[in-house]
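Here is the structure we will look at.
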Number of protein chains: 2
Amino acid sequence: MVKITDVARHAGVSPSTVSYALSGNRSISQATRQRIEESIKALGYRPHAGARALASSRSNVVALMMPLRSGIHMPVQMQFAASVVTMARTHDHDVLLLTQEEGEDGLRRVAGTALVDGLIVMDVQLDDARTPLLRTLGLPSVLIGFPAEADGLTCIDLDFTATGEACVRHLAQLGHRCVALLGSPPEVYARGTGFARRTAAGFTAAAHRYGMSSTVLPCEPGRAAARETADRLLRELPGLTGVVVHNEPALGPLLEAFQHSGMRIPDDLSVVAVCPDELAENAAVPLSSVAIPAAEVGERAVELLMAKLNDGEVPDATLLPPRLTRRASTAPRDASE
Amino acid sequence: MVKITDVARHAGVSPSTVSYALSGNRSISQATRQRIEESIKALGYRPHAGARALASSRSNVVALMMPLRSGIHMPVQMQFAASVVTMARTHDHDVLLLTQEEGEDGLRRVAGTALVDGLIVMDVQLDDARTPLLRTLGLPSVLIGFPAEADGLTCIDLDFTATGEACVRHLAQLGHRCVALLGSPPEVYARGTGFARRTAAGFTAAAHRYGMSSTVLPCEPGRAAARETADRLLRELPGLTGVVVHNEPALGPLLEAFQHSGMRIPDDLSVVAVCPDELAENAAVPLSSVAIPAAEVGERAVELLMAKLNDGEVPDATLLPPRLTRRASTAPRDASE
DNA sequence: GTGAAAGCGCTAACAG
DNA sequence: CTGTTAGCGCTTTCAC
């Protein structure tokens, strides 16, 4: 194995000079830098990762903890993982893959052994057991998603307030005057300051601004609950022509329920979903939707983490702007109605 | 940070004894082992990964290089990645994630810096630019899939010969007497000793054994080619009641072509596919199929790699037995025909 | 069965 | 702008 002393000898300088040339931590004359680079190339030198980590207390590896078994919507996960790895590489870091199942022990292990310099934790739940640990671990971390208690944690996710607004704007521009948001089950709203609440706030505010009449209705998952919710909605708001669904498990059942009630989509009812593109594309009627921008989330997460690693200040919350993709489920309101 | 000397002092032994207690590389009296374990727990000691890697020239990390963008069949990839990570952990190893795009440079980098002890390389092509490198890298590696020239490389994949046989056996048991294999495009067969050839061999041998009449037909991808192949097949083999398709891109077009020709599946024609479960499940008629056993491939790949890391001897080729899942596309041959 | 001590290859003061 | 030197925390001979 060729080591830094070999390079130093070959270039006629001291090992530290080679080290500095590599790290850029002090200025080197053009001439010696040149010779060093040539020697490195000539000898095929590569710094030993372990030695470097030991001496510098920096491994240049970040951990990515993600759910690897969740049967659902892997394309989003994959896209995310790809962008994390790619972006990490541009910052000269590698990515260690941890499964969600490793949980807190996994985080403690990679942090405690100094295997990694920082953590990216996906799929953070409102009430996530890992968040207290992340606060005390002493390693920089970035969470994908917002826990109920996000103070002191760096979190990133889609901007759900803006998402609610964007959905309403889309419907308003199509001429709809009476709209509803079908959101998460009641307990999610009750539970605290989750994304559910933010979507609803954005939705309601925008509806007011556009002078539309609006309703927000929670919805339990499952066929029966969906049927009931849809019926109630159509009964209580006879003028309803547009709905926004922000409830992935209830989405399919709700669509069925509407169609069962004789509402054709988009002829009688325009539907906007907040869900992965994958799902929206493959629905019976392809759904106009706002998706989680996985690739951008991954990139930004890495950038935030890198900033923290270089003791940069980063915002606690990063909210990414929604992008609404128009598909077949929304249409102009029929003026004759 | 608590280090090995702290543990040693706390336990009243020397650092080397703690090290040996941890590694099990020499016998320790029950009593001191006990004390050491208690001290470790009491102090919350975790060995520094970098220091350990430097001193032992073992990082206890393996690299997994996989395609992270291939829009196609991520569930298989994910399942595979999950099983690799999980199995690696049971061998006290972590997994560094590399994208396919990093290619040879990526492998050279993680090997050259001693970041990893071994490599698992997915999605190996018949003519894969990485294989010559893997031969000379001096790090143990395991390939998923067989390159044309596999000598001296440890490869693992589905047993395609047995797969061809299993498909025929299934059709034979349903009473079919005249079957065809629709395989890869001609150039794949011409190119060498790929899986295509093995499936065909197994298919033909089994058909003979069962006294069935059989044909093997290559098939180009694309609508037009599929139509043509299907037509030709039905024209030349009027008695055909069963086909095996081992050609993922052509699968959809072929099914359409058969149906366009008035063949109902499975009433007139039984179809067995060699493709991911995902694809088989979501076809218009759910397809009886043989899939790549992703989880098992991942587990075995890690086991092979671990064996190589401990200078164990491992077979060059590991072939996993096929499992045929029966779905709606195969039925008993109509006796009245 | 246990200890002492010499590195593993690199970085980062400190010194000029 | 460059060199000297002292570790980083662990493993592993070698010695008892």
Side-chain angles (χ1 to χ4, degrees), chain A residues 1-37 39-40 43-61 92 109-117 309-310, chain B residues 1-37 39-40 43-61 92 109-117 309-310:
Chain A
M1 183 203 193
V2 34
K3 36 205 195 191
I4 202 170
T5 52
D6 299 330
V7 176
R9 191 176 323 113
H10 187 273
V13 297
S14 79
S16 65
T17 302
V18 176
S19 175
Y20 285 120
L22 248 27
S23 67
N25 281 345
R26 78 180 184 193
S27 45
I28 308 270
S29 77
Q30 185 51 44
T32 69
R33 151 161 286 126
Q34 178 85 15
R35 265 183 303 138
I36 290 174
E37 276 165 9
S39 299
I40 287 177
L43 304 181
Y45 168 67
R46 309 225 185 228
H48 186 289
R52 178 172 266 190
L54 178 56
S56 68
S57 24
R58 288 287 226 110
S59 67
N60 274 42
V61 175
D92 195 32
R109 180 172 58 80
V110 296
T113 57
L115 232 191
V116 305
D117 298 333
L309 285 174
N310 304 317
Chain B
M1 185 203 191
V2 34
K3 37 203 193 192
I4 201 170
T5 52
D6 300 328
V7 176
R9 193 177 320 115
H10 187 272
V13 297
S14 79
S16 63
T17 303
V18 176
S19 175
Y20 284 119
L22 248 27
S23 68
N25 281 345
R26 82 179 180 193
S27 47
I28 308 269
S29 78
Q30 185 52 45
T32 68
R33 151 161 286 126
Q34 177 86 14
R35 264 183 305 139
I36 290 174
E37 276 166 9
S39 299
I40 287 177
L43 303 180
Y45 168 67
R46 309 225 184 226
H48 187 288
R52 178 172 268 192
L54 178 57
S56 68
S57 26
R58 288 284 228 115
S59 67
N60 274 40
V61 175
D92 195 32
R109 180 173 57 81
V110 297
T113 58
L115 232 192
V116 305
D117 298 332
L309 285 175
N310 304 317

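Worth knowing before you read on, the calculation uses all heavy atoms, side chains too, and leaves out hydrogens, waters and symmetry mates. Within every chain, numbering begins at 1; the chains are lettered A, B, ... in the order of the sequence lines, protein sequences first and strands thereafter. Just so it is clear, the structure is predicted and the values come from calculations on it, not from any experiment.
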Axis bend over the full length of the helix from C/dG1-D/dC16 to C/dG16-D/dC1, computed from five pairs that close each end, to 10 degrees: 30°
Side chain to side chain donor-acceptor pair (under 3.5 Å) involving B/Ser39 - partner list, sequence neighbours excluded: B/His10
Where chain B begins and ends its contact with DNA chain D, read 5' to 3' at 4.0 Å from heavy atoms: D/dG9 to D/dC14
In chain order, what residues pass the side chain to side chain contact (heavy atoms under 4.5 Å, CB included) check against B/Gln34, with sequence neighbours excluded? B/Gln30, B/Glu38
Can a donor-acceptor pair be found, under 3.5 Å and without considering hydrogens, that links the side chain of A/Asn60 to the backbone of A/Asp92? yes
Give the table of side-chain donor-acceptor pairs shorter than 3.5 Å for residues 44-53 of chain B, with sequence neighbours excluded, one pair per line with atom names and distance.
{"residue": "B/His48", "atom": "ND1", "partner": "B/Gly50", "partner atom": "N", "Å": "3.0"}
{"residue": "B/His48", "atom": "ND1", "partner": "B/Ala51", "partner atom": "N", "Å": "3.0"}

Among all residues two or more places apart in sequence or in another chain, which pass the salt bridge (Lys or Arg N to Asp or Glu O under 4.0 Å) test with A/Arg35? none
Protein-proximity profile, nucleotides 5-12 of chain C, B/S/- by nucleotide at the 4.0 Å heavy-atom cutoff, equals --BBBBSB
For B/Thr113, side chain to side chain donor-acceptor pair (under 3.5 Å) partners two or more places apart: none
With A/Asn25 via side chain to side chain contact (heavy atoms under 4.5 Å, CB included) - residues at least two apart: A/Tyr20, A/Ser23
Among pairs that include at least one residue of residues 21-32 of chain B, which meet salt bridge (Lys or Arg N to Asp or Glu O under 4.0 Å), considering only residues two or more places apart or in two chains? none
Can you sort out the partners of B/Ala55 under side chain to side chain contact (heavy atoms under 4.5 Å, CB included), two or more places apart, ordered by chain and number? none
Set of salt bridge (Lys or Arg N to Asp or Glu O under 4.0 Å) partners for A/Arg9, sequence neighbours left out: A/Asp6
